[in-house]
2 protein chains.
Amino acid sequence: MDSTELPADSLMRVAVDLVILTVVDGVLHVALVTRGIAPFRGRPALPGGFVRADEDLAQAAQRELAEETGIELGSGHLEQLASYGAVGRDPRGRVVSVAHLALIPAERLRGGGDARTADWCPVDAVLADAGRLAFDHARVLADGLERAASKIEYTSVAASLCPPEFTVGQLREVYQAVWRRPVDPRNFHRKVTSAEDFLVPVPGGRSHGAGRPAQLYRVGPATLLRPPMDRQTIN
Amino acid sequence: MDSTELPADSLMRVAVDLVILTVVDGVLHVALVTRGIAPFRGRPALPGGFVRADEDLAQAAQRELAEETGIELGSGHLEQLASYGAVGRDPRGRVVSVAHLALIPAERLRGGGDARTADWCPVDAVLADAGRLAFDHARVLADGLERAASKIEYTSVAASLCPPEFTVGQLREVYQAVWRRPVDPRNFHRKVTSAEDFLVPVPGGRSHGAGRPAQLYRVGPATLLRPPMDRQTIN
DNA sequence: CCAATAGTGTCTTTCAGACACTATATA
DNA sequence: TATATAGTGTCTGAAAGACACTATTGG
């Protein structure tokens with residue numbers, strides 16, 4: 001492995017940062033850590049860390065996700081978001097961060113408080129004070145939220161924010177939380193249940209709680225929703 | 001700039017690779033270089049190079065685009081695509097590549113032949129022998145093509161593949177080339193001309209050539225096409 | 001019973017697919 | 001005149017928005 005012919009000034013540190021989203025009681029939350037070391041000590045930041053020499057980008061993201069949330073990604077969704085490499089974004093030196101987006105069910109959260117684990121913060125509150133976020137994480141978070149909102153328009157990844165078996169009402173709550181707008185229950189029901197292979201009913205599965213019990217579903221083999229839902233237009 | 005506390009094994013080389021697309025005579029072309037040095041010497045590859053210490057990712061991509069095609073990106077479109085960081089993707093050592101997608105008008109091409117410049121290759125021919133591409137560039141190219149095809153569904157970036165003033169027919173040729181399928185001229189015309197602020201007619205601007213002269217348009221202020229076109233369903 | 005949520009049905013509007021037809025240039 | 005491309009109009013079917021109505025639970 002001779003790399004003498006490679007330019008030395010392209011040697012940089014490569015990190016992964018994670019936008020980890022979940023929905024708790026109809027409210028979108030993002031996982032944040034409080035930085036214990038400089039720079040930005042004491043400020044909220046996205047979970048993340050440096051990529052190791054023996055792992056690829058997705059592995060590094062999965063490792064950080066497990067370390068900060070305890071999630072092993074059995075259910076849940078993880079995808080690459082974008083890379084951020086402005087020259088001065090980290091005062092310690094040149095760091096290129098490959099941001100990832102994770103969508104995980106609320107039921108699998110483990111309690112925060114531990115310094116190593118992330119805290120779940122309502123996205124509205126975080127955005128109201130986005131200037132406190134370390135590095136360029138306000139931008140990364142904004143990009144992650146936009147990606148999540150657009151991706152549930154045409155895919156079934158919203159189910160990654162639900163438990164393995166869920167009702168149409170729970171799925172609708174996820175859409176409303178991510179889109180920050182109400183969705184008509186009846187039209188939503190018609191849309192998602194009539195889409196081919198999008199949801200598969202669990203035989204005999206019924207929800208409990210207030211109101212009429214609902215059919216339980218699992219996510220179906222169709223990962224794409226066609227035609228898509230349009231969050232701008234939708235009632 | 002003290003980085004002693006940073007882990008040494010996250011030091012990697014960071015590069016940009018470019019998927020540069022254009023449409024010549026209704027056929028989609030991609031810019032490829034022939035590698036003059038090992039590894040993959042003599043094999044076709046996407047244009048690219050290492051990021052310098054004093055430039056960010058977008059600047060590096062623009063610089064490489066200018067060096068390989070002579071395009072200064074007055075018109076044209078450049079966006080980040082994705083990052084590729086598998087451990088063994090470059091035999092010389094650990095290299096993380098941040099791929100970008102560029103869409104440029106055919107009229108601004110400059111002749112190849114020069115060793116420093118890229119050659120324009122029909123995408124069909126390249127895909128038919130994608131295994132010859134260096135590194136993981138077959139995958140990067142596939143991702144770039146998919147991104148281009150999906151992005152013209154809901155944005156006006158297809159106009160970046162046309163000259164500044166163009167006819168509806170030219171724009172339709174671009175869609176057909178990127179989607180690899182025919183599009184009904186009449187329905188397409190109705191769709192793009194009735195979309196608010198998508199195209200703005202050039203007063204008195206008329207095309208010449210075979211058939212009835214067509215109105216010339218410039219791309220309008222609306223960057224989004226709503227509702228989008230669906231390349232799966234479209235006639 | 002009432003409140004709450006699940007689920008069905010229906011009317012209307014919008015818009016895409018298909019395609020006839022007209023308009024205006026070049027060969 | 002023949003041919004090619006531009007552009008308009010019209011019919012039909014799919015699907016979304018709006019919303020009435022029924023179904024089935026818990027309190």
Q. Does B:Arg139 come within less than 4.0 Å of B:Asp143, counting only side-chain N to carboxylate O?
A.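 The answer is yes: the pair qualifies as a salt bridge.
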
Q.
Salt bridge check, A:Glu146 against A:Arg231: does any charged N sit closer than 4.0 Å to a carboxylate O?
A.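 Here A:Arg231 pairs with A:Glu146 in a salt bridge, since their nearest N and O are under 4.0 Å apart.
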
Q. Given the side-chain rings of B:Phe188 and B:Tyr175, with only the six-membered ring counted for Trp, is the space between their centroids under 6.0 Å?
A.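 Between B:Phe188 and B:Tyr175, the centre distance is under 6.0 Å.
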
Q | Parallel, tilted or perpendicular: ring planes of A:His137 versus A:Phe135, cut at 30 and 60 degrees | A |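 Taking A:Phe135 first and then A:His137, their aromatic rings sit tilted (interplane angle of 30° to 60°).
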
Any non-hydrogen side-chain atom of [X] less than 4.5 Å from a side-chain atom of [Y]?
X        : Y        : result
A:Val123 : A:His29  : no
A:Pro227 : A:Lys191 : yes
A:Ile104 : A:Ile20  : yes

Q. Which residues in residues 188-202 of chain A have at least one heavy atom lying under 4.0 Å from any atom of DNA chain D?
A.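 Under 4.0 Å from DNA chain D: A:Arg190, A:Lys191.
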
Q | Those residues of residues 169-180 of chain B lying under 4.0 Å from DNA chain D by at least one heavy atom | A |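 B:Gly169, B:Arg172, in order of number.
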
Q. Between B:Arg226 and A:Ala210, who's closer to the 5' end of DNA chain C by nearest nucleotide?
A.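 Looking at the nearest nucleotide for each, A:Ala210 comes out on the 5' side.
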
Just the rounded figure in Å: distance from [atom2] of [N] to [atom1] of [X].
X        : N      : atom1 : atom2 : result
A:Asp230 : C:dC15 : CG    : C1'   : 13 Å
A:Asp184 : C:dT10 : CG    : C1'   : 14 Å
A:Arg212 : C:dT5  : CZ    : C1'   : 9 Å
B:Glu153 : C:dA16 : CD    : P     : 13 Å

Q | Neighbour count >12 (heavy atoms, 6.0 Å) for atom CG, B:Asp129 | A |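 Yes, enclosed.
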
Q: Taking A:Arg89 for its side chain and A:Asp136 for its backbone only, find out whether a donor-acceptor pair lies under 3.5 Å.
A: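 Pair absent, no side-chain N/O of A:Arg89 close to backbone of A:Asp136.
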
Q) Are the side chain of A:Gln215 and the backbone of A:Pro201 linked by a donor-acceptor contact shorter than 3.5 Å? A)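 No, because the side chain of A:Gln215 does not come within donor-acceptor range (under 3.5 Å) of the backbone of A:Pro201.
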
(Q) By the 4.0 Å heavy-atom rule, please label A:Pro227 as base, sugar-phosphate, or nothing. (A)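 Sugar-phosphate, backbone atoms only, no base.
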
Q.
Whether the A:Thr233 and B:Arg226 side chains hold a donor-acceptor pair (N or O, under 3.5 Å, no angle test) is what I'd like checked.
A.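 Yes, side-chain donor-acceptor contact under 3.5 Å.
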
Q. Chain B on DNA chain D: first and last contacting nucleotide, 5' to 3', under 4.0 Å to a heavy atom?
A.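 The footprint of chain B covers D:dA4 to D:dT8.
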
